[in-house]
Amino acid sequence: MGAAERNHRQRGGAAGRITPLVKWLLVANVAVFVVDLALAGKWGADYLTSEGVVRFPPIIGWGAFSVRSAVFEGRVWEFLTFQFLHGGLGHILFNSVGLYFFGPWMERWWGSLRFLVFYLLCGIAGGVFYTALVLAGFLPSGTMVGASAGIYGILIGVAVIAPNLRAQLLFPPIELSMRQLAMLILAIAAGSVIFRIGGNEGGEAGHLGGAIMGFLLVKFPFLLGSGTALRYPRDPNYQAKLRPRTVVDLKADDEVDAVLEKISRDGFQSLTEEDEKILKRAQERAERR
């Protein structure tokens, strides 16, 4: 397979085969945004923020994250609810694109249930990291909404698992490896927080928190209840590259060997239906032992 064909399959695979949980997360985000927008005129409320008095739609007014309300007033649900709220059309569009293209990769890696926990924990970590910077006096307190922290966790997770996977940016239209993309977005977020650039320092702090959690969960999968690692007797380096959701004893199974080589080289998006059946049979054999 040529490099151009391989890169094309990597870029198109995730979007072409959207996974169930990613689909429902997208539906939930868009539905909440549309309903909140529809109710804003009649049931919106004015809130005092660091930017002055701002009129919030009703669901955002109830579920947006702020250190004062979430930590000091006991509204701990805001660590979760803010992840499904968005402040404008551009905001939800940007986050939806990120979730659509990279979310399926991670859902296939973890499985749907662990991916949901992974995604939400990265979002919570965004709120926690932002809170820590506010309490330390490094950032002013404000209001935070958006799925970006969870999506940054996904991006960093993919970059750790498959650093050489290629990603085509929409704007600017350039192609980067996942390692390069991760370094770029982390540099932008850290620079915004440290040098107070861009006016979205709180949001960028949330991005960093999500990215840190995504890195930790992928490097230490037992934190999600998955303490197993791939047993691959021929090449010990595979254990660092691949951490599947179940233990697979490959032994002399040449078919599985070939599929794992394909995953390491081209990513999960390159798998055919027959490849997925081979992996499923191997997992079922391992679970029966």
Side-chain angles (χ1 to χ4, degrees), residues 21-22 24-33 35-37 39-40 43-51 53-88 91-92 95 99 103 106 110 112-154 156-157 189 193 200-218 220 222-225:
L21 186 61
V22 168
W24 285 111
L25 287 172
L26 288 169
V27 169
N29 286 339
V30 172
V32 170
F33 177 75
V35 171
D36 212 21
L37 200 62
L39 298 177
W43 285 288
D46 293 333
Y47 291 84
L48 181 61
T49 71
S50 58
E51 292 81 25
V53 177
V54 177
R55 187 169 183 82
F56 284 149
I59 303 179
I60 287 184
W62 169 79
F65 179 86
S66 75
V67 175
R68 177 181 56 81
S69 58
V71 177
F72 296 109
E73 296 179 4
R75 293 167 56 93
V76 293
W77 61 81
E78 292 179 0
F79 281 97
L80 282 175
T81 54
F82 88 93
Q83 302 179 46
F84 297 90
L85 304 172
H86 292 84
H91 190 199
I92 192 171
N95 284 341
L99 183 58
M106 288 302 291
W110 288 113
S112 294
L113 181 58
R114 284 192 181 125
F115 171 70
L116 177 61
V117 177
F118 172 88
Y119 176 80
L120 294 177
L121 283 178
C122 289
I124 291 171
V128 171
F129 190 70
Y130 170 63
T131 298
L133 293 184
V134 169
L135 295 181
F138 195 80
L139 289 178
S141 181
T143 302
M144 186 164 62
V145 295
S148 303
I151 293 167
Y152 269 59
I154 291 172
I156 298 305
V193 171
N200 185 35
E201 294 85 359
E204 297 293 356
H207 298 167
L208 289 174
I212 292 169
M213 180 59 75
F215 175 83
L216 291 175
L217 291 176
V218 169
F220 306 103
F222 66 86
L223 296 173
L224 286 182

Are the side chains of [Y] and [X] in contact, using a 4.5 Å heavy-atom criterion?
| X | Y | answer |
| --- | --- | --- |
| Leu21 | Tyr119 | no |
| Glu201 | Leu133 | no |
| Val193 | Phe129 | no |

What distance do [X] atom [atom1] and [Y] atom [atom2] have between them, rounded to the nearest 0.5 Å?
| X | Y | atom1 | atom2 | result |
| --- | --- | --- | --- | --- |
| Leu25 | Ile151 | CG | CD1 | 9.0 Å |
| Leu216 | Ile156 | CG | CD1 | 11.5 Å |
| Thr143 | Glu78 | OG1 | CD | 8.5 Å |
| Ile154 | Leu99 | CD1 | CG | 5.5 Å |

- Who are the salt bridge (charged side-chain N to carboxylate O under 4.0 Å, His left out) partners of Glu204, not counting sequence neighbours?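 By the salt bridge (charged side-chain N to carboxylate O under 4.0 Å, His left out) rule, Glu204 matches no residue at all.
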
- Task: Please step through side-chain contact (heavy atoms from CB on, under 4.5 Å) for the pair Val22 and Phe115, ending with a clear verdict.
- Result: CA-CA 9 Å; Val22 168; Phe115 171 70; 3.9 Å; yes

Shortest non-hydrogen contact from [X] toward [Y]:
| X | Y | value |
| --- | --- | --- |
| Met106 | Gly157 | SD-C, 4.0 Å |
| Cys122 | Gly153 | SG-CA, 3.7 Å |
| Ser66 | Gly142 | CB-O, 3.4 Å |
| Ala205 | Leu139 | CB-CD1, 3.8 Å |
| Gly206 | Ala149 | O-CB, 3.4 Å |
| Ile92 | Asn29 | CD1-O, 3.4 Å |

- Mind checking side chain to side chain contact (heavy atoms under 4.5 Å, CB included) for Val67 and listing every partner two or more places apart, or none if nothing turns up?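 Testing Val67 for side chain to side chain contact (heavy atoms under 4.5 Å, CB included), a comparison that skips the adjacent residues, returns Phe65, Val71, Phe72, Tyr130, Thr131, Val134, Leu135, Ser141.
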
- Message: Could you walk me through whether Leu223 and Leu121 satisfy the side-chain contact (heavy atoms from CB on, under 4.5 Å) test, starting with their C-alpha distance in whole Å, then the side-chain angles of each, then the deciding distance to 0.1 Å, before giving a yes or no?
- Response: CA-CA 11 Å; Leu223 296 173; Leu121 283 178; over 6 Å; no

- Decide if atom CH2 of Trp77 counts as having more than 12 heavy atoms of other residues, nucleotides or ligands within a radius under 6.0 Å.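 Yes, CH2 of Trp77 has more than 12 neighbouring heavy atoms, counting only those of other groups under 6.0 Å.
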
- Query: Among all residues two or more places apart in sequence or in another chain, which pass the ring-ring contact (aromatic ring centres under 6.0 Å, His included) test with Phe118?
  - Reply: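 Once residues adjacent in sequence are excluded, the partners of Phe118 under the ring-ring contact (aromatic ring centres under 6.0 Å, His included) criterion are Trp110.
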
- Message: side-chain contact (heavy atoms from CB on, under 4.5 Å) for Val128 and Ile124? Distances and angles first, verdict last.
- Response: CA-CA 6 Å; Val128 171; Ile124 291 171; 4.2 Å; yes

- Is the backbone N or O of Trp62 less than 3.5 Å from a side-chain atom of Arg75, with the two atoms forming a donor-acceptor pair by type?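 The answer is yes, because a donor-acceptor pair under 3.5 Å joins these two groups.
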
- Message: Tell me if a side-chain donor or acceptor on Asp36 pairs with a main-chain N or O of Ile60 at a distance below 3.5 Å.
- Response: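 It does hold such a pair.
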
- His86 ring center within less than 6.0 Å of Phe33 ring center: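 Centroid distance Phe33-His86: not below 6.0 Å, so no.
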
